[in-house]
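Heads up: the structure comes next, in C-alpha cells.
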Amino acid sequence: MPDTAEPVRDDAVGHAEGPPEAPDIRLKPVLLAGLFIVVFVAVTLAGMRLYRDMVITSPNTEEPRTFAGPALQRDPQGDLARLLADQRRRLDTYGWVDQTRGIARMPVTEAMRRLGERGSDAYAAPLQPERVPPLGSRGGAASPLPPPGTVADSPKEVR
C-alpha cells in the first residue's frame with residue numbers, strides 16, 4: 001500500500017509541479033485601470049454631447065412641420081354615412097340581384113320570418129327533382145369501354 005504522506009509526482013512526462021503562484025494579486029493596478037476606463041468613457045460621452053449640441057444641427061432639433069392631409073376623400077364621415085345607409089337600404093328592401101338568372105333579395109326580417117315559419121325544415125336541403133337515366137345508359141358515367149352491342153375495330157379505339 002503506498003504511503004499517503006508523499007504527494008504523487010508525474011515527472012516522467014514533464015508535468016512536474018511548478019513554482020507556487022503568488023497568494024494574491026495586486027489590487028491597486030486593477031482598480032486604477034478600471035477607474036481610467038470609467039473616466040475615459042465619461043469624458044468621451046460628455047465631449048460627444050457637447051459637440052452635438054454646439055456643432056450639429058439635426059432635423060430632430062427643428063420644430064415639426066405640419067402638412068395638409070391627403071385629399072383622398074373630401075368628406076370621409078359623409079362617405080361612411082352614405083355607405084352605411086346604402087347597406088341598410090339593401091338589407092331592408094326587395095330588389096334584383098341578378099334578374100336574368102332570377103335571383104332576388106328580400107329584407108332580412110322577412111327572410112327570418114319565413115325561416116321561422118318553416119321550423120326545423122328550414123335548414124333541410126332543398127328538394128331536387130329525381131332524374132332517372134334512360135334505359136341502357138350508364139347514367140352519365142364515362143366508361144373506357146364501348147357500349148354493349150358494338151364492336152371495336154382496333155385496339156386504338158378502345159380507350
Side-chain angles (χ1 to χ4, degrees), residues 1-129 131 138-145 156 159:
M1 179 163 220
D3 189 12
T4 59
E6 284 187 30
V8 178
R9 298 193 181 254
D10 191 14
D11 292 340
V13 291
H15 292 174
E17 189 175 313
E21 294 182 9
D24 59 349
I25 58 172
R26 290 181 281 169
L27 192 58
K28 188 176 179 181
V30 173
L31 289 178
L32 285 177
L35 181 65
F36 174 75
I37 291 172
V38 169
V39 169
F40 178 76
V41 169
V43 168
T44 302
L45 290 175
M48 291 175 63
R49 173 78 184 242
L50 182 67
Y51 178 75
R52 186 195 70 165
D53 291 344
M54 293 179 63
V55 177
I56 298 175
T57 57
S58 71
N60 293 336
T61 58
E62 297 176 1
E63 291 294 321
R65 295 181 290 176
T66 57
F67 298 98
L72 300 176
Q73 289 180 314
R74 299 282 181 201
D75 183 19
Q77 298 300 326
D79 291 345
L80 178 62
R82 283 188 291 278
L83 174 69
L84 292 175
D86 183 57
Q87 288 178 343
R88 175 56 53 196
R89 182 190 57 79
R90 288 175 182 244
L91 290 174
D92 293 340
T93 60
Y94 290 93
W96 286 107
V97 175
D98 187 357
Q99 192 169 4
T100 59
R101 293 174 31 193
I103 301 172
R105 69 173 190 272
M106 67 173 51
V108 173
T109 54
E110 177 64 18
M112 295 300 290
R113 188 189 62 76
R114 288 185 183 188
L115 284 175
E117 287 177 357
R118 288 186 194 171
S120 62
D121 295 335
Y123 299 104
L127 295 176
Q128 299 291 326
R131 293 184 179 174
R138 293 186 294 270
S143 172
L145 300 174
K156 281 182 139 181
R159 287 204 143 213

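Hydrogens, waters and symmetry mates are skipped; everything else that's a heavy atom, side chains included, is used.
Remark: R114 does not engage E117 in a salt bridge, criterion side-chain N to carboxylate O under 4.0 Å.
Using a 4.5 Å heavy-atom threshold, the side chains of T93 and R105 count as touching.
R26 CZ to L31 CG: the interatomic distance, rounded to the nearest 0.5 Å, is 13.0 Å. With values rounded to the nearest 0.5 angstrom, L115 atom CG is found 10.0 Å from E110 atom CD.
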- Under the side chain to side chain contact (heavy atoms under 4.5 Å, CB included) criterion, do V108 and M112 qualify, and how do the steps go? CA-CA 6 Å; V108 173; M112 295 300 290; 4.1 Å; yes

Validation: residues 35-52 side-chain donor-acceptor distances under 3.5 Å, sequence neighbours left out:
{"from": "T44", "atom 1": "OG1", "to": "F40", "atom 2": "O", "distance (Å)": "2.8"}
{"from": "R49", "atom 1": "NE", "to": "D53", "atom 2": "OD2", "distance (Å)": "3.4"}

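The side-chain hydrogen bond (donor to acceptor under 3.5 Å, both in side chains) search around D98 returns T100, not counting sequence neighbours. R89 meets the salt bridge (Lys or Arg N to Asp or Glu O under 4.0 Å) test with D86; sequence neighbours excluded.
No more than 12 heavy atoms of other residues, nucleotides or ligands shown are found within 6.0 angstrom of CD on Q77.
Of all the heavy atoms in Q73 and D79, the pair that sits closest is NE2-OD2, 3.5 Å.
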